[in-house]
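Data block below; observations after.
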Amino acid sequence: MYVDSHCHLSFPDLAGRIDEIRAAMAAAQVDRALCICTTLEEFERVHALAMRYDNFWCSAGVHPDEADVREPTLDDLLALAARPKVVAIGETGLDYYRLNGRSVAEMAWQRERFRVHIRAARRSGLPLVIHTRSASDDTLAILREEGATPGPAPAATGVFHCFTETESVARAALDLGFYISFSGILTFKAAQDLRDVAAFVPLERLLIETDSPYLAPVPHRGKTNTPANVPFVAAQVAALKGVPVEAVAAATSANFERLFKPTPPLKSK
Ligand SMILES: [Zn+2]
Ligand SMILES: [Zn+2]
């Protein structure tokens with residue numbers, strides 16, 4: 001049984017196809033998924049999925065690429081974090097890849113938003129789902145400052161999702177106690193550097209995801225992605241580690257439970 005630790009089932013490409021997607025998941029032995037929130041405006045739709053289906057959970061947060069949306073306050077995030085089946089804060093982080101003519105200095109709002117999410121994670125005790133692109137130095141620096149400074153709340157934990165950074169960034173994230181999640185990019189022909197990073201990340205700290213509807217793995221590259229494709233990511237990890245795919249399925253499922261503590265516990269079907 002596999003877990004998709006990051007998907008966007010409320011996005012237009014997928015929202016009208018939930019029954020079909022769930023049937024495909026069942027056929028592919030993908031028994032759980034974490035539905036990721038990207039704006040406050042989207043939250044209720046993402047949360048409704050988690051409330052409707054036993055084996056879906058959701059996050060609460062505002063994506064760094066969303067510039068013209070309602071800015072979340074700490075209280076906004078804490079209120080959503082307290083709702084049932086919300087198991088993570090995010091996705092949040094920094095993205096300097098899509099600057100669109102802006103300078104990094106002009107992205108102060110992104111860094112402040114990230115700090116608010118980290119504070120919400122520490123206060124709520126929920127893990128962070130971190131998106132970082134072309135911004136790993138600032139992401140790690142802010143995480144060390146906000147996430148690990150001594151204080152009444154325990155240090156932040158979480159996952160670096162859709163990881164595309166170097167081995168040294170992976171090492172730094174692992175040192176901070178974070179997990180690393182790999183998407184279908186791992187199966188792309190040109191992604192040998194990333195496969196080397198995945199080979200380095202210990203199986204006990206590794207998650208798998210689809211980031212649906214994006215990034216469909218080979219052999220479905222270019223098509224609309226769904227959680228049913230997460231076994232292709234697992235198979236790639238298994239090949240890199242030289243272990244059976246069942247071992248990757250079991251380890252990544254156990255990691256998902258350890259990090260997100262999804263409730264109610266999975267009912268056997
Ligand atoms: Zn992301
Ligand atoms: Zn995402």
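One-based numbering, in listed order, for ligands and for the atoms of each.
Interatomic distance, Arg32 CZ to Met25 CE, rounded to the nearest 0.5 Å: 10.5 Å. Note: Cys58 SG to Glu42 CD = 10.0 Å, rounded to the nearest 0.5 Å.
In the displayed structure, Phe200 atom CZ is contacted under 6.0 Å by more than 12 heavy atoms of other residues, nucleotides or ligands.
In this structure, Arg195 fails the cation-pi test against Phe182, since its NZ or CZ atom is not both closer than 6.0 Å to the six-membered ring centre and inside 45 degrees of the ring normal.
At a cut-off of 2.8 Å, His8 coordinates the Zn ion (ligand 2) through an N, O or S atom. Among the atoms of Cys162, no N, O or S atom is found under 2.8 Å from the Zn ion (ligand 1).
The N, O or S atom of Glu91 with the smallest distance to the Zn ion (ligand 1) is OE1. Residue His131 approaches the Zn ion (ligand 1) most closely through its N/O/S atom ND1.
In terms of hydrophobic clustering, with Ile, Leu, Val, Met, Phe, Trp and Tyr side chains grouped at heavy-atom distances under 4.5 Å, Val87 and Val46 are assigned to different clusters.
Our summary of the site lists the angle at the Zn ion (ligand 2) between NE2 of His6 and OD1 of Asp211 as 90°, to the nearest 10 degrees.
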